Amino acid sequence: MTSVRVVVVGAGVIGFSTAVCIAEALPSCSVTLLSEKFSPDTTSDGAAGIMFAGEFPDIPLERQRLWFKDSFDHLLAIAQSQHAPEAGVMLSSGWQIFKEVPADKLPFWSEFVIGFRQMTDRELRRFPDHTFGQAFTTIKCECESYLPWLENRFVPAGGQVHQRKVDNLQELSNSYDIIVNCSGLGSKLLVGDSQVYPVRGQVLKVEAPWLQHFIRDGDGKTYIYPGIHGATIGGTRQEGDWRLEVDEGDTKSILERCSRLEPSISKAKVLSEWVGLRPSRRNLRLEREVVQLQGRQVPVVHNYGHGGWGVTLAWGTALDAMSLVRQCLREKPAQAKL
């Protein structure tokens, strides 16, 4: 029996997670991953990779909860295994603080993280500008380790990896039976999606081994995430901004804001500065369609537009994308008769 040729476009955390899920769960598929850029040059590599999420407005909350739960369970198993150091996955405890009490005191993901609770008045005292906070333990997944680890899992499962820029789906139609689009911001051009847009993020990596707890301002703009190789501090959320150069004004602002939350940051040595463009969309796109390519009908599964929640939702959405590929396989014989 000839295997079904599946191609995954994109080598960020969404692309590699999806490719691994398909290769491991669907042995009848031969899976190839194509991308122009690989770790350490993907958007995922600079992400702090801390697990919690915002809501997409038009996607059923139950579906978002399942994505979060599946991703959390997957990464928690790694964090509690011997693979944790090489995969770059660790448990991380800390606080999310708010200047005003949020409308939603119990976010949809609160039951899946560990020990979620409201902060006490005593804990809040160290953040005098903030009136409300949440304390919990979550997971931090550092993609500069995690992406190579996923690749090392993908290849033994029969996966192939090739560096190649894909400009349009037409060029894939003769070589593959099913296309899986995980191209993130690249989908703007690859599939002509005008709804996907960049949200520019700038972060610094600093050396601050004395920091053991994360701190995140509820507005999402200021945060300190201690990690395995230094702490990631940030940040910016600049919508529609395509600049990839480091902005010195942003660097200064990040250091000032983070030092207000954690005064010892002013003593930390800056190791690196990084800019990435989050592939944002009002709602992430996870669906399949059949596209006419060079006279053939080719199933295309889309999985992109995760914005700042790529690491958080990667495994859950990858499992969904794999299920859509499985549906394509079931319908393949019917297509062949057309």
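Values in this document were obtained by computation on a predicted structure and should not be read as measured data.
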Min side-chain heavy-atom separation L313-F56 under 4.5 Å: yes
Nearest heavy atoms of V31 and A19, plus distance in Å: CG1-O, 4.3 Å
Main-chain N/O of P107 paired to S110 side chain as donor or acceptor, under 3.5 Å: yes
Atom of A79, atom of V89 and distance for their closest heavy-atom approach: CB-CG1, 3.8 Å
same_hphob_cluster(L75, I114) at 4.5 Å side-chain heavy-atom cutoff: yes
Results of ring-ring contact (aromatic ring centres under 6.0 Å, His included) for H74 - residues two or more places apart only: W315
Closest contact, heavy atoms only, A48 versus T232: CB-CG2, 4.0 Å
Heavy-atom closest pair, residues D58 and R282: OD2-NE, 2.7 Å
T317 side chain to H306 side chain, donor-acceptor N/O pair below 3.5 angstrom: yes
Any donor-acceptor pair under 3.5 Å from S187 side chain to L190 backbone: no
Contact check, side chains of S28 and L329, non-hydrogen atoms, under 4.5 Å: yes
Inter- and intrachain pairs under salt bridge (Lys or Arg N to Asp or Glu O under 4.0 Å), touching residues 156-184, at least two apart: R5-D177, R164-E171, K165-D167, D177-R296
I228 and S145: CA distance, side-chain angles, deciding distance, side-chain contact (heavy atoms from CB on, under 4.5 Å) verdict: CA-CA 10 Å; I228 298 168; S145 300; over 6 Å; no
Those residues that, when tested against E62, pass salt bridge (Lys or Arg N to Asp or Glu O under 4.0 Å) (two or more places apart): R65
Residues in salt bridge (Lys or Arg N to Asp or Glu O under 4.0 Å) contact with E24, at least two apart in sequence or another chain: R153
Side-chain donor or acceptor of S39 paired with backbone N/O of P148 under 3.5 Å: no
Ring geometry between W149 and Y146 (parallel below 30°, tilted from 30 to 60°, perpendicular above 60°): parallel
Atom pair CG (D70) and CZ (F112), whose distance is rounded to the nearest 0.5 Å: 9.0 Å
Approximate separation, where rounding is to 0.5 Å, of K267 NZ and E207 CD: 15.0 Å
Those residues that, when tested against F154, pass ring-ring contact (aromatic ring centres under 6.0 Å, His included) (two or more places apart): none
Donor-acceptor contact below 3.5 Å, side chain Q134 vs main chain K105: yes
Partner set under ring-ring contact (aromatic ring centres under 6.0 Å, His included) for H213, not counting sequence neighbours: W95
Salt bridge flag under 4.0 Å for residues K205 and E142: no
side-chain contact (heavy atoms from CB on, under 4.5 Å) between S92 and I50, worked out: CA-CA 8 Å; S92 181; I50 197 109; 3.8 Å; yes
Gap between atom NE2 of H302 and atom OG of S183 - 0.5 Å precision: 9.0 Å
Among R260, R257, K99, salt bridge (charged side-chain N to carboxylate O under 4.0 Å, His left out) partner for D217: K99
Residues, nucleotides or ligands: over 12 heavy atoms within 6.0 Å of K188 NZ: yes
Parallel, tilted or perpendicular: ring planes of H130 versus F127, cut at 30 and 60 degrees: perpendicular
Transitive ILVMFWY cluster of F98, excluding itself - 4.5 Å side-chain cut-off: V101, F132
Test side-chain contact (heavy atoms from CB on, under 4.5 Å) applied to R278 and T43, step by step: CA-CA 7 Å; R278 303 174 183 93; T43 302; 5.7 Å; no
Any donor-acceptor N or O pair under 3.5 Å, side chains N303, T18: yes
Side-chain touch F16/L33, heavy atoms, less than 4.5 angstrom: yes
Working for side-chain contact (heavy atoms from CB on, under 4.5 Å), residues V203 and Y223: CA-CA 9 Å; V203 297; Y223 45 80; 3.3 Å; yes
Residues forming a salt bridge (Lys or Arg N to Asp or Glu O under 4.0 Å) with R285, sequence neighbours excluded: E287, E289
Test item: I97 and I215 side chains (from C-beta on) under 4.5 Å apart, heavy atoms: yes
Same cluster (ILVMFWY, side-chain, under 4.5 Å), L91 and F52: yes
Side chain S71, main chain W67, donor-acceptor under 3.5 Å: yes
Interatomic distance, L244 atom CG to Q202 atom CD [nearest 0.5 angstrom]: 10.5 Å
Residues that F116 engages under ring-ring contact (aromatic ring centres under 6.0 Å, His included), provided they are two or more places apart: W109, F136
Min side-chain heavy-atom separation W210-S264 under 4.5 Å: yes
Residue list, salt bridge (Lys or Arg N to Asp or Glu O under 4.0 Å) with R243, at least two apart or on another chain: D241, D247
E86 vs N152, side chain to side chain donor-acceptor pair (under 3.5 Å): CA-CA, chis, key distance, verdict: CA-CA 11 Å; E86 77 221 49; N152 289 336; over 6 Å; no
Minimal non-hydrogen separation, Q64 against G54, with atom names: OE1-O, 4.0 Å
Gap between atom CZ of R288 and atom CD1 of I179 - 0.5 Å precision: 14.5 Å
Note, I233 side chain near E262 side chain (heavy atom, < 4.5 Å): no
Linked, directly or transitively: L189 and V196 (ILVMFWY side chains, under 4.5 Å): no
Smallest separation among heavy atoms of S44 and L147, with atom names: CB-CD1, 4.1 Å
Check: T222 and L261 side chains under 4.5 Å, non-hydrogen atoms: yes
Listed once per pair and sorted, the salt bridge (Lys or Arg N to Asp or Glu O under 4.0 Å) pairs that draw on residues 299-316, sequence neighbours left out: none
Contacts of type side-chain contact (heavy atoms from CB on, under 4.5 Å), residue R125, not counting sequence neighbours: R122
Pairwise side-chain contact, R63 with D320, heavy-atom cut-off 4.5 Å (strictly under): yes
Gap between atom OG of S173 and atom CG of L293 - 0.5 Å precision: 5.0 Å
Sidechain-backbone polar pair: T236 side chain, R200 backbone, donor-acceptor under 3.5 Å: yes
In one Ile/Leu/Val/Met/Phe/Trp/Tyr side-chain cluster, 4.5 Å: L211, F214: no
I14 backbone acceptor or donor facing S17 side chain under 3.5 Å: no
